[in-house]
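Here the structure comes first, spelled out in structure tokens, and everything after it is commentary.
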Amino acid sequence: MRTLDDLLAEGVSGRRVLVRADLNVPLRHTEESVTVTDDGRIRAVLPTIRALAEAGAHVVVCSHLGRPKGAPDPKYSLAPVAARFSELLGAPVAFATDTVGESADAVTASLAAGEVALLENLRFNAGETSKDDAQRGEFAVKLARYGEAYVDDAFGAVHRKHASVYDVPKLLPHFAGGLVVRELDTLSTLTSDPKRPYVVVLGGAKVSDKLGVINNLLPKVDALLIGGGMCFTLLAAQGHGVGDSLLEADQIDTCKQLLAEAGAKIVLPTDVVVAAELSATAETRVVGVDAIGAGDKGLDIGPETARAFAGKLAGAATVFWNGPMGVFEYEPFAAGTKAVAEAVAGAGFSVVGGGDSAAAVRALGVDEASFSHISTGGGASLEYLEGKILPGVAALEA
Ligand code: 3PG
Ligand code: MG
């Protein structure tokens, strides 16, 4: 795989470089304004953008945001992201109001060496995500006009077989950006030769989303701690009543089998925080997992579980954490995730899987610098750890 360093060594002065970034960041919409509520993904790609701009490239950045349906939709405009991007970069970012149309043509044509442009949301074009190779290919040809070289630094999207990720690199000399290189290096240590004890913590809503990664990691880890909404299906598989908690009834048999095979490696909560409803002012109780009442919703791991998880994590040399332990966005259900985040931060080599867990770290005020690595890819890091081939990585390797 050729990398950004190889491209910089070739020299990019005066050359147009198309950069695929993952600027899919959370936004808050109010009547007056739209603001970026977590700019972690923008900051993560800045070194690549700066390196190219300082080397005199005409830098054309493209990204998706959310899941619009293949046509322009103002809710998913990258315009507010361009504004934050420019602030963080400390330089103007010229924004094109379309992706491959008149505005993009004009903005990219007027870009001077060392300047940066951002195209409007890739997914405003049906070709970006199309399952039809020809339709994707056609869109890729239009996009590829904006670069003489292509850099993929969108780690969060490498698991997508999309035009900007999979087809454009077939058309242009292609290079992995610094973020993609760092993410892959880090994740490979989790699957090849992790220092022991190696502990994985998983949370999030659905156990069905995590079965692939659980099955692939179980033989490699010393312990797998499970909290979050997904633990209730596993608790139900153990025969506990889970009341009104999240439950994937169709996964109970699979979970029974999983627990039988995993033995003591899988560690489940012994207590949970329950409430009658999910709200910021909910009245909460802590109950043992054998005492969840019919009307109880389990919304966080309990304090005894948090202590037990933290104990396992304290002695770990390698930790991977993906998925919150509870509904941390609501103060009454944030303690479990906060305790786990702090314990993960204290482990030897600590990796936070992207998405919600990365957002939780920042929202709960845990120092980002205390982790060895915070991934920018949620789905991408999980699919990597499942052992799947990532289309974007395969395209860079070809
Ligand atoms: C993410 O947020 O996980 C990435 O940006 C990929 O987005 P997607 O799941 O909509 O493809
Ligand atoms: Mg996602």
Side-chain angles (χ1 to χ4, degrees), residues 19-28 36-46 48 61-73 75-78 80-82 84-85 99 118-131 136 139-140 143 152-168 177 179-180 182-184 187 202-206 208-210 212-213 228 320-324 329 351-363 373-386 388-396:
V19 179
R20 174 54 158 105
D22 182 353
L23 304 180
N24 183 25
V25 292
L27 301 177
R28 185 188 297 119
V36 173
T37 55
D38 179 6
D39 59 16
R41 280 180 165 167
I42 308 176
R43 285 185 282 117
V45 79
L46 286 178
T48 291
V61 183
C62 61
S63 175
H64 72 285
L65 175 79
R67 293 180 178 173
K69 300 273 170 272
D73 179 342
K75 264 206 316 285
Y76 297 106
S77 173
L78 277 167
V81 176
R84 184 73 189 125
F85 185 12
T99 322
L118 176 64
L119 307 178
E120 184 54 288
N121 195 338
L122 289 158
R123 294 185 183 171
F124 286 0
N125 306 270
E128 168 66 1
T129 59
S130 176
K131 299 248 184 303
R136 263 199 343 271
F139 178 62
L143 199 55
D152 186 0
D153 219 13
F155 179 72
V158 290
H159 59 316
R160 301 293 180 215
K161 192 178 173 181
H162 291 169
S164 64
V165 174
Y166 183 74
D167 301 274
V168 171
L179 176 62
V180 163
R182 194 153 48 86
E183 294 267 16
L184 293 174
L187 292 174
L202 294 178
K206 287 183 164 176
S208 55
D209 286 346
K210 304 280 161 80
V213 80
F320 173 70
W321 169 39
N322 180 288
E329 296 89 342
V351 180
V352 182
D356 289 345
S357 11
V361 162
R362 293 186 277 262
H373 181 75
I374 300 180
S375 177
T376 54
S381 59
L382 285 176
E383 289 199 19
Y384 181 96
L385 295 176
E386 274 175 53
K388 285 192 184 163
I389 289 176
L390 306 172
V393 175
L396 290 172

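Both ligands and their constituent atoms are indexed starting at 1 by order of listing. Numbering starts at 1 and runs along the sequence shown.
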Under-4.0 Å heavy-atom contact with ligand 1, by part of H162 that carries it
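No part of H162 is near ligand 1 at this cut-off.
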At their closest point, which heavy atom of [X] faces which heavy atom of [Y], and how far apart are they?
X: H159; Y: L390; answer: CB-CD2, 3.8 Å
X: D39; Y: R84; answer: OD2-NH2, 2.8 Å
X: P68; Y: A71; answer: CB-O, 4.2 Å

Which atoms of ligand 1 sit under 4.0 Å from any heavy atom of [X]?
X: R160; value: 8 (P), 9 (O), 11 (O)
X: D22; value: 4 (C), 5 (O)
X: N24; value: 1 (C), 2 (O), 4 (C), 5 (O), 7 (O)
X: G156; value: 4 (C), 6 (C)
X: R67; value: 8 (P), 9 (O), 10 (O)

Do R28 and T37 meet the criterion of a side-chain donor-acceptor pair at a distance under 3.5 Å?
no
Can you confirm whether the side chains of T376 and E183 place a donor and an acceptor under 3.5 Å from each other?
yes
Can you confirm whether more than 12 heavy atoms, excluding those of Y166, are under 6.0 Å from its OH atom?
no
Is there a nitrogen or oxygen of R123 sitting under 3.5 Å from a nitrogen or oxygen of ligand 1?
yes
